[in-house]
Amino acid sequence: MMHTKSESDVTSLAPSSPSRSPKRPVYFVQSPSRDSQDGDKSSSIQATPNFRSPMESPSHPSMGRHSRNSSSSRFSGIFRSHSGRKVHRKRNDKGWPECNVIVEEGKYDEYEGDKRFTRRLQALMALLSFIVLFTILCLIIWGAARPYKAEITVKSLAMNSLFIGEGSDSSGVITKMLTINGSLRLGVHNPASFFGIHVSSSPVNLIYSEIVIATGQLKKYFQPRKSQRTAIVNLEATKVPLYGAGSTLVISDAGAFEIPLKLEFEIRSKGEVVGKLVTTKHRRQISCNITLSSNINKPIRFRKSSCTYK
């Protein structure tokens, strides 16, 4: 179809004066208008100037608003299928075409169950690790506190009363009877620098020829760290029958006599290093040989060589 040229077109096509720059070629591009979508085949002719460089060309990537709008309208318009038919798609409120939602198969409960199991396993591992580390720490502290033992020394034995008389036991057998009353002094030293100790003892016995003639007990007490203390044990016995063992005793006319005795007992010490979780226990068996005289009222001093400590 031929179009009638307007006066502006004719003027733009007129030859220029020789003094000006050489004439630029003009190209005509025929493009369908928007009204051609409704079936009209009318076209419009647009003059396209010849640009010196690609940067001046409108096809360069640095497009203006017109190129972006045309590209966006190209995707937001009518879609065509592979067969060439026009496919109209629904649009949402924002103007985008709606797409089918992909539904994933499977349940999420399995993944949640795995996560719970993993968390429980991690908590159990953390608890076991804490127990192992705490146990190792307690063993180290126990090993460091083990060498600190309570030091026990037997200082003296003071006799308040000591005499022998004749009498009969509950069955009526006549024998010699021994009565004794005294006090035993013990020195206790705690060398530990970071924990105290609880001190107690087994029965403190005075033995004559395998017969326990007097006994006593050390009261349990607590002793602080790096401290010394003197403990006192009372020994008492009243009219203890000696039976055949009394026949070896020699008694003077004035009633004076000497009797060989053996002192035996055990001292127990318990140190609480970390409360009741870490404790140290020590035992010390002590045995001393002494000879008591009814004429001596002074306390008997014990030497280190006169007692054995185990």
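Just so it is clear, the structure is predicted and the values come from calculations on it, not from any experiment.
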Note to self: Taking the side chain as everything from C-beta on, heavy atoms only, tell me whether R283 gets closer than 4.5 Å to I267.
What the structure shows: no
Next item on the list: Look up atom CD in E236 and atom CD1 in I213, then write down how far apart they are to the nearest 0.5 Å.
Entry: 13.5 Å
Next item on the list: Can you see which heavy atom on R284 is nearest to which on I152, and at what distance?
Entry: NH1-N, 4.1 Å
Next item on the list: Please go through F222's hydrophobic cluster and name the other residues, only I, L, V, M, F, W, Y counting, with side-chain heavy atoms under 4.5 Å joining them.
Entry: none
Notebook entry, point to check: Transitively linked via ILVMFWY side-chain contacts under 4.5 Å: M159 with I207?
Noted result: no
Item checked: T291 vs L261 side-chain heavy atoms within contact, under 4.5 Å -> no
Margin query: As an exercise, state the distance from CG of L263 to CD1 of I286, rounded to the nearest 0.5 Å.
Written below: 8.5 Å
Notebook entry, point to check: Going from CD1 on I180 to OG1 on T238, what distance comes out if it is rounded to the nearest 0.5 angstrom?
Noted result: 10.5 Å
Next item on the list: Say whether, by atom type as modelled, one donor and one acceptor occur between the side chain of S129 and the main chain of M125 under 3.5 angstrom.
Entry: yes
Notebook entry, point to check: Do any N or O atoms from the side chain of N205 and from the backbone of V212 form a donor-acceptor pair under 3.5 angstrom?
Noted result: no
Next item on the list: Please answer whether the main-chain N or O of K239 pairs with a side-chain N or O of T179 as donor and acceptor at a distance below 3.5 Å.
Entry: yes
Next item on the list: Say whether N295 and S293, considering side chains only, have a donor N or O and an acceptor N or O under 3.5 Å apart.
Entry: no
Notebook entry, point to check: Which distance, rounded to the nearest 0.5 Å, do you find between the NE2 of H189 and the OG1 of T230?
Noted result: 12.5 Å
Margin query: Using every non-hydrogen atom in the two residues, find where Y309 and T153 come nearest and quote the distance to one decimal.
Written below: OH-CA, 3.6 Å
Identify all side-chain donor-acceptor contacts of residues 136-150 below 3.5 Å with residues at least two apart in sequence or on another chain.
| from | atom 1 | to | atom 2 | distance (Å) |
| --- | --- | --- | --- | --- |
| W142 | NE1 | T279 | O | 3.4 |
| R146 | NH1 | K281 | O | 3.3 |

Next item on the list: For L249 and E258, work out which heavy atoms get closest and say how close.
Entry: CD2-O, 3.8 Å
Notebook entry, point to check: Is R185 atom CZ crowded by more than 12 heavy atoms from other residues, nucleotides or ligands, each under 6.0 Å away?
Noted result: no
Next item on the list: May I ask you to decide if A126's main-chain N or O and Q122's side chain share a donor-acceptor pair within less than 3.5 Å?
Entry: no
Check: For Y208 and P260, which heavy atoms make the closest approach, and how far apart are they?
Finding: CD1-O, 3.2 Å
Next item on the list: Would you name the heavy atoms of G187 and K155 that are closest together and state the gap between them?
Entry: CA-CE, 3.9 Å
Next item on the list: Would you mind listing every salt bridge (charged side-chain N to carboxylate O under 4.0 Å, His left out) that reaches into residues 212-225, with sequence neighbours excluded?
Entry: none
Note to self: The criterion is side-chain hydrogen bond (donor to acceptor under 3.5 Å, both in side chains); which residues satisfy it with E264, sequence neighbours excluded?
What the structure shows: K262
Notebook entry, point to check: When rounded to the nearest 0.5 angstrom, what is the spacing between CD1 in I164 and CD in E166?
Noted result: 10.5 Å
Next item on the list: Apply side chain to side chain contact (heavy atoms under 4.5 Å, CB included) to V233 and F265, showing your working.
Entry: CA-CA 11 Å; V233 181; F265 62 97; over 6 Å; no
Note to self: Going by the rule disulfide (SG to SG under 2.5 Å), which residues pair with C307 if we only count those two or more places apart in sequence or in a different chain?
What the structure shows: C288
Margin query: Less than 4.5 Å apart, side chain to side chain, heavy atoms only: is that true for Y243 and D169?
Written below: yes
Next item on the list: List the steps, then state whether side chain to side chain contact (heavy atoms under 4.5 Å, CB included) holds for L235 with N181.
Entry: CA-CA 6 Å; L235 300 175; N181 186 5; over 6 Å; no
Next item on the list: Check the surroundings of atom CD1 in I174: do more than 12 heavy atoms from other residues, nucleotides or ligands lie under 6.0 Å from it?
Entry: no
Notebook entry, point to check: Are the side chain of S306 and the backbone N or O of F302 linked by a donor-acceptor pair below 3.5 Å?
Noted result: no
Please tabulate, for the side chains in residues 191-204, all donor-acceptor contacts under 3.5 angstrom to protein atoms that are two or more places apart in sequence or on a different chain.
| from | atom 1 | to | atom 2 | distance (Å) |
| --- | --- | --- | --- | --- |
| S201 | OG | L218 | N | 3.2 |
| S202 | OG | E266 | N | 2.9 |
| S202 | OG | E266 | O | 3.4 |

Margin query: Once rounded to the nearest 0.5 Å, what's the spacing between atom CG of L206 and atom OG1 of T215?
Written below: 8.5 Å
Margin query: One pair to check against side chain to side chain contact (heavy atoms under 4.5 Å, CB included): N234 and I232. What are the steps and the verdict?
Written below: CA-CA 7 Å; N234 293 323; I232 299 176; 4.2 Å; yes
Check: What about M177 and I259, same hydrophobic cluster or not, with Ile/Leu/Val/Met/Phe/Trp/Tyr joined at side-chain heavy-atom distances under 4.5 Å?
Finding: no
